[in-house]
Trainee: 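Sharing a structure with you now.
The chains referred to below are lettered A, B, ... by the order of the sequence lines, with proteins before strands, and numbering in each begins at 1.
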Amino acid sequence: MAILQFDVNGEQVSREAGVRARDLVRLPPQTLAVWVNGQTLDVDRPLTEGGQLQFLTFADSAGRHVFRHSSAHLLAQAVKRLWPEAKLGTGPALEDGFYYDIWLPEPLTEADLPRIEAAMRDIVRENLAIERLELSREEALALFHDRGESFKEEIIARIPDDAVISAYRQGEFVDLCSGPHLPETGLIGALRLTQVSGAYWRGNEKNPMMTRIYGTSFPDQESLERYLAQIEEAKLRDHRKLGAQLDLFTFREEAPGFVFWHAKGHAVYRTLEEFSRRLQARHGYQEVATPWVYRVGLWERSGHWDHYRDNLFLIDRDDELQGLKPMNCPGHCLLFKGATRSYRDLPWRLAEYSPLSRYERSGALHGLMRVRGFHQDDAHLFVRPDQIREEMFGVLDLVDIVYRTFEMPYEVVLSTRPDDYMGELALWERAEQELEEVLRARGLKYQINPKDGAFYGPKLDVYAVDSLGRRWQCATAQLDFQLPEKFELEYVDQDGLAKRPVMIHRAILGSIERFLGILVEHYKGAFPPWLAPVQVRILPITDKQLDYARHIERLLSERGVRVEVDERNQKIGYKIREAQLAKVPEMLVVGGRDQDNQTVSLRSREDGDRGAIALTQYVSQVVDRIRMPGFTD
RNA sequence: GCUCACGUAGCUCAGCAGGUAGAGCACGUCCUUGGUAAGGACGAGGUCACCGGUUCAAUCCCGGUCGUGAGCUCCA
């Protein structure tokens, strides 16, 4: 028998091969699994090689993963106890929970969840040992066939020939699974099933619909409750809820997928757009406005008809189809073709903010995040091949300025050639190489997403990280060698010959609607002063100060401050409460004393009462505080 | 688009087991003129999403449509 050497947290231990991790040393409390040379294993798994060994607990992400995965099995076992005819699909661990897809003879509702939870707690109380079985393909097929698990049989058929087939048993329950798992069910101290929904078997909408049950689990009740409180907190930030509360925007069933911008929301929207507009003007972009309805021939030429038809809003008039634009690129190509272009004209940077329409499937709509009518800070750069590098640099400059302004860190992902790509392979390879060079030259950390590029070219996607740590894809920069071909775009080069330009599609905010939704959640509705829909609210103590309040309002308004007076006949505490809930950054309390002394009593949203200050002084200060970041006027 | 759930006043929600609806906030009028997070009284406001069915009778039961939510799928 071979002797294996282990390094257990610095302690050297040697044992015969086949020893179980739990027998190496005294198992630390709350051990969920072990980590041996980069592999996570059951504590009861016979070890076949030595090396570094660590015990995993709930504090380790790999440990949590095992914990949630076993929780999914627990769920499946409970469901099988309640519905013996249920058939198991798959049940993985998630970032902070787990789910199991199960075929059931009848639909399930959330009202059934407590019953299932109770059955799960029974199994926890039984503290069943969880045992790993290794099976031959025939044994596995026979086992799951006998148990009526047809989906499992399907999975077994797809397991490669050389792979080990394993299953895990706890009590009467067996599940096909590569593991690892907890040693016993009693470790799952607290659990909660959170929701139930449908999911297609193997994610294909032609397959049967399974019932997907989501849940989460923790070692103890306290951690579970802390987690559930966090979820409640995130719900309070939901932009749809805050949008209505703060009177920013609403949706109505008369126009699904389109936003009704209220005056306040539109003020934020316009400020955001203006920020982008001024930034782009400074970076050499020209803003244009092109048509939003085109004859269908244009979409045929651009390739949208073949690749994007389902998402086009179509209009059928006088026996001719026309389509609302989902993107600006074809219009910009037509503009490019409208005159003879010289190499001296390049790079030619066209920006546009006009409305775009995409027919999203009804189930895809989601507040401001996924709409059918929206606007982008869209631009197309027509460049010579030798300018790609520098222009991509410029785009990343803009990304950096914008995301720093909103205090959002970001991550970059390079997406490469998909299977259904168009164009020449050599062009693709060259383009992908160029993008990597730019990223490396900028010293940006990036990930590669293989085969996730657009069919016309590789792309860089930027993911902004918000204050809850969630990632949102906003900015994108996509190289395009296809569209210039389709539109036969040309410029006259230095040598007098016609050459084909390269296009770069790019957006920094992406959809302005969506970006605003992200900002609402990021700031929890408390926009920084320059973005706030109402920057200053004046609160007269009594109606004797109304004239003075209106005088201040006029002074501020003339200097571009978004200001309003709370003229209602209410006590000051009431007005303050309402202004505070409306998340107005600055409140000016004005009473008799202030009027006599020509002062205002400033209250800030964050810091509360700031005391009296001369009116003239306040006016000059506040103008600085609401200035658009990065601009001097 | 698919699965499940939901749709009652501008908003948040109640409405037991079929008998044509109720609260708080917001809104209006009046009283109150109050210095840093809710002063008081009174009032107006609803085709119970829409269409159809069952029933003596439907907000409630059944079917369909629309919308919303969660998830799936999709997202050049």
Trainee: Can you identify which nucleotide, out of B:G1, B:G39, B:G35, has its nearest atom closest to the A:Ser601 side chain?
Mentor: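 Within the option list, the nearest is B:G35.
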Trainee: Work out how far the P atom of B:C50 is from that of B:A21, and round it to whole angstrom.
Mentor: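 Their P atoms lie roughly 15 Å apart.
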Trainee: Take atom P in B:U8 and the same atom in B:A49, then report the distance between them in whole Å.
Mentor: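 Per the computed distance, 6 Å lies between those P atoms.
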Trainee: Starting the side chain at C-beta, find the nucleotide from B:A37, B:C75, B:G71 nearest to A:Arg370.
Mentor: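 In terms of side-chain proximity for A:Arg370, the closest of B:A37, B:C75, B:G71 is B:C75.
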Trainee: Would you say the side chain of A:Asp594 and the base of B:G35 hold a donor-acceptor pair, judged only by whether the two atoms sit under 3.5 Å apart?
Mentor: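 A donor-acceptor contact between them is present.
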Trainee: Consider the side chain of A:Pro256, meaning its heavy atoms from C-beta on, and name the nucleotide among B:G39, B:G71, B:U68 that approaches it most closely.
Mentor: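 Per side-chain heavy atoms of A:Pro256, the pick is B:U68.
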Trainee: Base, sugar-phosphate, or nothing: which does A:Phe251 touch, judged by heavy atoms less than 4.0 Å apart?
Mentor: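 A:Phe251: no heavy atom of the nucleic acid under 4.0 Å.
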Trainee: Which of the following nucleotides, B:U33, B:C72, B:G7, is nearest to the side chain of A:Glu253?
Mentor: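 Out of B:U33, B:C72, B:G7, the nucleotide with an atom closest to A:Glu253's side chain is B:G7.
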Trainee: Where the side chain of A:Leu365 is concerned, which of B:C72, B:U68, B:A26 is the nearest nucleotide?
Mentor: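 Nearest to the side-chain atoms of A:Leu365, counting from C-beta on, is B:U68.
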Trainee: A:Ile572 side chain: which of B:U36, B:A37, B:C72 is closest?
Mentor: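 Ranking B:U36, B:A37, B:C72 by closest atom to the A:Ile572 side chain puts B:U36 first.
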Trainee: Any donor-acceptor pair, under 3.5 Å, between the side chain of A:Tyr200 and the base of B:G1, if you only look at N and O atoms?
Mentor: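 Under the 3.5 Å cut-off, the side chain and the base do form a donor-acceptor pair.
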Trainee: In whole angstroms, how far is the C1' atom of B:G69 from the NZ atom of A:Lys241?
Mentor: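 One finds 12 Å between C1' of B:G69 and NZ of A:Lys241, rounded.
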Trainee: I'd like to know if the side chain of A:Lys524 reaches the main chain of A:Leu236, judged simply by a donor and an acceptor atom lying under 3.5 Å from each other, with no hydrogens or angles considered.
Mentor: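 No, the answer is negative, given that no donor and acceptor are paired below the 3.5 Å cut-off.
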Trainee: Side chain of A:Ser197, heavy atoms from C-beta onward: which of B:G69, B:G71, B:C74 has the nearest atom to it?
Mentor: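 Ranking B:G69, B:G71, B:C74 by closest atom to the A:Ser197 side chain puts B:G71 first.
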Trainee: With Watson-Crick and G-U wobble geometry limited to distances under 3.5 Å, how should the secondary structure of RNA chain B be encoded in dot-bracket form, using | for bases paired to another strand and [ ] for crossing pairs?
Mentor: (((((((..((((.....[..)))).(((((.......))))).....(((((..]....))))))))))))....
Trainee: Can you tell me if the side-chain N/O atoms of A:Arg240 get under 4.0 Å from OP1 or OP2 in B:G69?
Mentor: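 For A:Arg240, the contact criterion (side-chain N or O under 4.0 Å from OP1 or OP2 of B:G69) is met.
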Trainee: Check the angle between the aromatic planes of A:Phe249 and A:Phe251 and answer parallel, tilted or perpendicular using the 30° and 60° thresholds.
Mentor: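 The arrangement is perpendicular - the two ring planes meet at more than 60°.
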Trainee: Name the closest nucleotide to the A:Glu578 side chain, picking from B:A26, B:C74, B:U33.
Mentor: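 Minimum distance to the A:Glu578 side chain belongs to B:A26.
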Trainee: Which pair of heavy atoms, one from A:Ala549 and one from A:Ile538, lies closest together, and at what distance?
Mentor: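 Closest pair (atom of A:Ala549, atom of A:Ile538, distance): O-CD1, 3.5 Å.
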Trainee: Tell me if the side-chain of A:Arg577 makes a donor-acceptor pair with the base of B:U36, cut-off 3.5 Å, by modelled atom types.
Mentor: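 Under the 3.5 Å cut-off, the side chain and the base do not form any donor-acceptor pair.
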